[in-house]
Amino acid sequence: MWKAMAEDKFEKLIDLAIRRGFFWSSYEIYGGVAGFYDLGPLGTRLKNNIIELWRKHFIQQHQEFVVEIETPVIAPARVFEASGHLEHFTDPVIECLKCKRKYRADQLVEELAGIKAEGMDLKELLEIIEKKNIKCPNCGGPLGNLRYFNLLFETYIGPYSENKGFLRPETAQGMFVSFKRVFQVMRERLPLGIAQIGKVARNEISPRQSIMRLREFTIMELEFFYDPDKPHCPLLEERYSGEKLRILTADAKSRGEERPEEYEALELINEKIIKAPWLVYWMFVSRDFVHNLGISFTDMFFDEKMPHELAHYSKQTFDQLVKVSRWGWIEVSGHAYRYDYDLARHIEFSGQDLAVFKKFEKPTILKEKKVIIDKAGLAKEFRSEISSLMRILESMSNEKLLKVVESSTDVVVIDKFRIPKRYFKVIEVEKKIYGKKYVPHVVEPSFGAERLLYVTLDHAFHESEERVVLKLPPYLAPIQVAVFPLLSRKEFILKAREIHMKLIREGFYVIYDDSGSIGRRYARADEIGVPFAITIDYQTLKDNTVTIRDRDSRKQIRVRIEDLSKILYKGLKGENIFEFV
RNA sequence: GCGGCGGUCGUCUAGCUUGGACGAGGACGCCGGCCUUCCACGCCGGAGAUCCCGGGUUCAAAUCCCGGCCGCCGCACCA
């Protein structure tokens with residue numbers, strides 16, 4: 001019964017989305033292509049409003065240390081070699097269930113079975129591996145967990161076919177690659193958050209589930225950089241002390257638990273349930289953001305990935321799940337502790353120094369023993385051989401030389417040389433250290449905009465008495481106000497048109513409608529989630545007042561036209577304008 | 001990618017088994033007009049469908065057969 005209803009709801013929602021213009025399959029006239037969707041007029045506005053709300057939560061509210069940038073969709077191959085995406089996304093991978101080593105499944109089959117395996121699908125590979133009884137070449141353990149990693153869209157940059165490029169599968173690499181520049185622009189202060197909103201592409205094997213799994217979609221990501229020696233997050237205590245997150249931990253899952261439990265902010269850190277305090281903080285922000293899309297706390301939780309499920313760059317990952325009518329719990333965001341993986345890899349591959357220099361409050365003084373060589377004495381002693389001896393001595397580090405000298409009594413033996421110890425003197429020097437270099441750690445909350453669009457619609461969708469009402473939070477509504485003349489008579493129409501234009505000039509998104517009965521027009525507006533409907537009636541013509549109708553309660557209040565904008569503005573912020581009047 | 005099921009005006013659907021009277025019917029929506037002081041349920045009229053695409057069988061295909069595309073479900077996969 002429940003399931004039948006739920007399926008019904010999904011179908012009605014998809015129908016509504018197509019009919020009224022939220023979204024539909026792209027390239028429809030050519031039969032459509034799986035994984036690509038157009039957003040219609042309402043869908044585009046709703047998505048933009050969701051993005052704006054994300055900006056408010058993640059950037060505007062943290063503007064002193066979180067900034068937004070924009071980087072290209074196409075990147076040269078080198079970037080994804082460094083990021084690990086090429087290695088981890090392009091081939092079928094199988095792992096040893098015992099020692100956890102990973103192998104390219106096609107290479108294993110070629111090497112151990114002598115069968116050309118390139119281009120084979122998983123089923124064929126698995127068949128051969130089973131038939132030929134291929135085991136782990138390292139420990140002899142059983143193989144399993146065969147997976148594809150082939151999500152990167154390939155292209156060429158310019159006219160040279162060897163100049164390969166890829167469409168980014170996440171916006172994150174743009175933030176890592178340009179980290180140093182942004183860090184300098186932000187006057188070299190940490191912590192620093194770099195955010196980006198943009199299109200990404202993943203060549204999914206088999207995208208389904210409507211707009212939930214796309215080959216091209218919009219991602220909203222924050223890469224948050226901080227000093228691993230100072231992982232503390234003061235904002236967490238300030239803002240979320242005593243508040244709780246619903247989490248299903250990997251630990252609980254391995255014990256067979258299926259229900260999330262509630263954890264307090266400080267408990268999560270003190271008990272080291274979540275490895276990075278800043279990750280906890282952004283998960284709380286994410287909880288509130290998704291809540292403000294109209295999703296209650298009980299309809300969401302964080303699901304920790306099991307160790308073997310972690311992406312190549314992650315030390316710990318939590319997916320934020322939201323309950324929807326058809327598919328149960330679906331992921332709307334990922335929260336990863338990326339450690340220093342990405343920056344370290346870009347340092348390695350680019351040869352650039354992306355590390356951060358941290359100045360100590362006071363320079364620390366380091367006492368160090370240093371070997372002083374009596375070069376003039378050595379020259380006299382060794383005469384013609386002095387140049388080759390000096391070359392050897394200069395190639396040795398201070399530590400190594402110190403060790404040899406200190407362990408010798410009278411004669412220091414280096415290579416073929418026997419050097420009297422008196423030519424070496426060990427002195428103690430003081431070295432001032434002004435600071436140190438380190439690679440920041442990164443935590444990353446990452447949201448899929450189209451999934452948020454879907455869950456927002458799913459939770460807003462209500463039916464009563466055979467009519468559909470999209471109970472979107474007013475501040476998300478694509479159309480904010482509807483203006484209706486009660487009757488389609490000239491004097492009503494003229495007045496309604498006048499108010500319509502006035503509201504447009506004042507910045508609202510407004511529709512005007514005079515066709516059909518008034519009830520039909522209310523219903524049409526309810527269906528696309530217009531929160532407020534203004535009706536021009538007989539009394540309007542007498543005293544310049546109009547009614548404002550509330551979408552959810554259908555209640556009306558009467559206000560003066562001159563106060564209309566002010567009241568609507570309040571209503572759109574989410575204040576209840578129907579109570580106090 | 002594999003298997004099952006499906007694809008008819010904008011939407012939902014009738015017809016398909018047993019090929020022909022289908023010039024593809026209906027409802028909702030849309031457009032125009034009339035009537036009307038408040039929640040799609042007053043009346044009249046109109047537009048709107050190469051029956052997903054391609055090929056085949058046949059005198060004749062929405063209907064039967066083959067292939068493709070897309071969707072749903074299951075398996076596999078899933079930053």
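Excluded from the calculations below are hydrogen atoms, water molecules and symmetry mates; all remaining heavy atoms, backbone and side chain alike, are included. Within every chain, numbering begins at 1; the chains are lettered A, B, ... in the order of the sequence lines, protein sequences first and strands thereafter.
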What N/O pairs connect the protein and nucleotides 34-37 of chain B at under 3.5 Å? Give each pair on its own line.
unit_1 : atom_1 : unit_2 : atom_2 : d
B:rU36 : O4     : A:S488 : OG     : 3.1

Problem set entry | Residues A:E527 and A:R19 bridged, charged N to O under 4.0 Å | yes
Problem set entry | Separation of atom CZ in A:R20 from atom C1' in B:rA40, rounded to whole Å | 12 Å
For this session: State which residues pass side-chain hydrogen bond (donor to acceptor under 3.5 Å, both in side chains) with A:R549; sequence neighbours excluded, sorted by chain then number.
Result: A:D526
Exercise. Taking the same atom, C1', in B:rG68 and in B:rG6, what whole-Å distance lies between them?
Worked result: 16 Å
For this session: Determine the Euclidean distance between corresponding P atoms of B:rU8 and B:rC64; express it in Å to zero decimal places.
Result: 15 Å
Solution key, residues 487-497 of chain A side-chain donor-acceptor pairs under 3.5 Å, sequence neighbours excluded:
unit_1 : atom_1 : unit_2 : atom_2 : d
A:R489 : NH1    : A:Y538 : OH     : 3.1
A:K495 : NZ     : A:E498 : OE2    : 3.4
A:K495 : NZ     : A:N544 : OD1    : 3.1

Problem set entry | P spacing across the pair B:rC66 / B:rC30, given as an integer number of angstrom | 42 Å
Problem set entry | Shortest side-chain distance from A:A34, nucleotide among B:rC77, B:rC70, B:rC38 | B:rC70
For this session: Scan A:V469 against the nucleic acid and name what it touches under 4.0 Å (heavy atoms): base, sugar-phosphate only, or nothing.
Result: nothing
Problem set entry | N-O pairing of A:D563 and A:R560 below 4.0 Å | yes
Exercise. Do side-chain atoms of A:H459 reach the backbone of A:K323 as a donor and acceptor pair under 3.5 angstrom?
Worked result: yes
For this session: Send over the distance from A:R215 CZ to B:rC77 C1', rounded to a whole Å.
Result: 12 Å
Problem set entry | Gap in Å between the two P atoms, one belonging to B:rU63 and one to B:rC53, rounded | 10 Å
Could you go over nucleotides 4-14 of chain B and give all protein N or O partners under 3.5 Å, atom names and distances?
unit_1 : atom_1 : unit_2 : atom_2 : d
B:rU11 : O2'    : A:D15  : OD1    : 3.0

Problem set entry | Minimal non-hydrogen separation, A:V443 against A:A276, with atom names | CG1-CB, 3.7 Å
Seminar exercise, completed: Rounded to whole Å, the CD1-C1' distance (A:I528 to B:rA40) equals 14 Å
Exercise. Mind checking the C1' distance from B:rA21 to B:rC28? Whole angstroms is fine.
Worked result: 29 Å
Exercise. Parallel, tilted or perpendicular for A:W54 and A:F58, by the 30°/60° rule?
Worked result: parallel
For this session: May I ask you to check whether A:T545 and A:R558 show a side-chain donor-acceptor distance below 3.5 Å?
Result: yes
Seminar exercise, completed: Under a 4.0 Å heavy-atom cutoff, the residues of residues 514-524 of chain A touching RNA chain B are A:S517, A:I518, A:G519, A:R520, A:Y522, A:A523, A:R524
For this session: Would you kindly give the CZ-to-C1' distance between A:R213 and B:rG1, to the nearest whole Å?
Result: 13 Å
Seminar exercise, completed: Atom OH of A:Y27 and atom C1' of B:rG71 are separated, to the nearest Å, by 18 Å
For this session: Provide the Watson-Crick or G-U wobble partner of B:rG71, both distances under 3.5 Å; none if there is no partner.
Result: B:rC5
Problem set entry | Cation-pi, A:Y509 ring and A:R45 (6.0 angstrom, 45 degrees) | yes
Problem set entry | With sequence neighbours excluded, residues passing side-chain contact (heavy atoms from CB on, under 4.5 Å) with A:S565 | A:K502, A:L503, A:E506, A:F508
Exercise. Is the shortest side-chain N to carboxylate O distance from A:K471 to A:E463 below 4.0 Å?
Worked result: no
For this session: Hunt down the Watson-Crick or G-U wobble partner of B:rA27, both distances under 3.5 Å, from any strand shown, or write none.
Result: B:rU11
Exercise. How close or far is atom C1' of B:rC78 from atom CG of A:D303, stated in whole angstroms?
Worked result: 14 Å
For this session: Write down the distance separating the C1' atoms in B:rC2 and B:rA40, rounded off to the nearest Å.
Result: 46 Å
For this session: Provide the Watson-Crick or G-U wobble partner of B:rG42, both distances under 3.5 Å; none if there is no partner.
Result: B:rC34
Problem set entry | Rounded interatomic separation in angstrom, taking CG from A:L310 and C1' from B:rC78 | 15 Å
Exercise. C1' atom, B:rC72 versus B:rC52: distance in rounded Å?
Worked result: 16 Å
Problem set entry | RNA chain B: 5'-proximal contact among A:K305 and A:D550 (nearest heavy atom) | A:D550
Exercise. In terms of ring plane angle, is the pair A:H312 and A:H85 parallel, tilted or perpendicular, where the classes change at 30° and 60°?
Worked result: perpendicular
Exercise. If each of A:E331 and A:I536 is mapped to the nucleotide of RNA chain B with the nearest heavy atom, which maps nearer the 5' terminus, i.e. the 5' end?
Worked result: A:I536
For this session: Please say which of A:H441, A:Q316, A:E444 ends up in a side-chain hydrogen bond (donor to acceptor under 3.5 Å, both in side chains) with A:Y337.
Result: A:H441
Exercise. Considering Watson-Crick and G-U wobble pairs with both distances under 3.5 Å, what does B:rG54 pair with?
Worked result: B:rC66
For this session: In whole angstrom, give me the gap between the C1' atoms of B:rG7 and B:rU50.
Result: 16 Å
Exercise. Can you tell me how far C1' of B:rA40 sits from CG of A:D513, to the nearest Å?
Worked result: 12 Å
Problem set entry | A:F166 ring center within less than 6.0 Å of A:F153 ring center | no
Exercise. For A:Q539, which contact category applies under a 4.0 Å heavy-atom criterion: base, sugar-phosphate, or nothing?
Worked result: nothing
